[in-house]
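To start, the structure under review is shown below, and the notes come after it.
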Amino acid sequence: MRVHRATGVDDDALPTRCRVHSDAAARPSAARHRAIAGYSGGGLSAAHVAERFPRVFGSLGVFSGAVDLSTPAARLAAYPAFEAEKVCAGDDPQASGPLGDPVGHPAAWAAVDPVSGAAALRRTAVYLSSGNGVPCTPEDAANLVYVTAATEPQLRRQADTFSAALTAAGVEHVNQRRACGLHWWSRWRPDLADFWNRIARGWRADIAAEGPGPTVAEQP
């Protein structure tokens, strides 16, 4: 098993799992009725998987995601966060990780960069959201005691860079630039609800247009 720590993708298992959906042949819209989403570092994982398997997922949601590894400066900004994740996971802090240091291994970082792979999402409806680093409420402001909560402006810039790459590639997408919000659950929960409501409306319309799917005869 080969797992990218930065993306959480199991390179050996995932392709097999992505090919075994039994409804793929039954409904032409099967891929449109699957979605993948993630927040923060999980946004990088979701975008990377969606780009690798564009015929599997019809919708992608990225909430304050670390989706720009396109330049040396962006990689160097992300590297400390990935290193911190090793500590949180109880891994050896001296281990280099599968991507290696971004200066010495730029090709490995480029391979998982969503900005570079944006054109692969031409069949995918993409939803991006981010806050601007300003607390929405006094309760929200209390979360600024956590260092990660204040990183939202950087993630806003990454979302904008990804959005520009999607536009250049002709990819249908929404970039929700919220008027407030920290890098915290108080920002992601309403955006997840908005993402879900949007794709659910599309799914219901598709299902209504296609009619009922095939039935399976009962076994004797």
Side-chain angles (χ1 to χ4, degrees), residues 1-11 13-15 17-18 34-54 56-70 74-75 77-91 97-99 102 108-109 111-118 120-121 124-131 133 143 146-163 165-166 173-178 181-199:
M1 182 175 70
R2 296 167 297 167
V3 177
H4 284 164
R5 186 180 308 281
T7 62
V9 175
D10 176 347
D11 280 353
L14 185 56
R17 292 172 184 167
C18 286
R34 300 191 200 100
I36 185 169
Y39 68 89
S40 192
L44 169 61
S45 298
H48 176 56
V49 171
E51 289 178 353
R52 289 192 62 204
F53 303 101
V56 172
F57 300 101
S59 299
L60 165 66
V62 177
F63 317 114
S64 307
V67 287
D68 179 16
L69 302 178
S70 62
R75 294 167 196 161
Y79 188 51
F82 294 157
E83 291 297 289
E85 286 179 2
K86 291 194 299 188
V87 177
C88 292
D91 293 340
L99 293 182
W109 285 73
V112 299
D113 172 39
V115 170
S116 301
L121 298 173
T124 308
V126 181
Y127 178 101
L128 310 176
S129 70
S130 60
N143 293 317
Y146 301 100
V147 175
T148 54
T151 61
E152 192 67 2
Q154 175 186 341
L155 280 305
R156 161 68 63 83
R157 291 191 291 273
Q158 294 204 20
D160 288 346
T161 299
F162 191 29
S163 176
L166 293 170
H173 73 286
V174 172
N175 184 18
Q176 299 282 33
R177 305 176 83 254
R178 303 302 189 184
L182 304 177
H183 197 64
W184 204 255
W185 285 102
S186 54
R187 176 66 278 151
W188 304 323
R189 285 193 182 103
D191 289 338
L192 174 59
D194 184 36
F195 169 67
W196 173 253
N197 288 334
R198 287 168 180 265
I199 63 175

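Keep in mind that the numbers below use all heavy atoms, side chains included, and drop hydrogens, waters and symmetry copies.
The aromatic rings of Y127 and F195 sit tilted, their planes meeting at an angle between 30° and 60°.
The two atoms that bring I36 and A50 nearest to each other are CG2-CB, 4.0 Å, heavy atoms only. Shown here for T124 and P54, the closest heavy-atom pair between the two residues is OG1-O, 4.2 Å. Residues D191 and F63 share a closest heavy-atom pair of O-CE2, 3.8 Å.
Taking CG from L121 and OG from S59, the interatomic distance works out to 11.0 Å, rounded to the nearest 0.5 Å. Atom OG of S129 and atom CG of L192 lie 9.0 Å apart (nearest 0.5 Å). For the atom pair OG (S130) and CD (Q154), the distance works out to 12.0 Å, reported to the nearest 0.5 Å. The structure places NE2 of H183 at 8.5 Å from OH of Y39, a figure rounded to the nearest 0.5 Å. The CZ atom of F162 lies 9.5 Å from the CG atom of L44; values are rounded to the nearest 0.5 Å.
Taking the charged nitrogens against the carboxylate oxygens, D194 and R198 do have a contact shorter than 4.0 Å, which makes a salt bridge.
Looking only at side-chain heavy atoms (C-beta outward), L60 and H173 stay at 4.5 Å or farther from each other.
If you run side chain to side chain donor-acceptor pair (under 3.5 Å) between S64 and each of E152, R156, R178, Q158, only E152 comes through.
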Checking salt bridge (Lys or Arg N to Asp or Glu O under 4.0 Å) for the pair D113/R75: CA distance, chi angles, key distance, verdict? CA-CA 9 Å; D113 172 39; R75 294 167 196 161; 5.6 Å; no
L166 and N175: side chain to side chain contact (heavy atoms under 4.5 Å, CB included), yes or no, with the steps? CA-CA 10 Å; L166 293 170; N175 184 18; over 6 Å; no
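Judged by distance alone, the side chain of T161 and the main-chain N or O of R157 form a donor-acceptor pair under 3.5 Å. Listed for the R187 side chain is no donor-acceptor partner under 3.5 Å among the backbone atoms of L182. Of the possible polar contacts, none joining the R52 side chain to the V112 backbone as a donor-acceptor pair under 3.5 Å is found.
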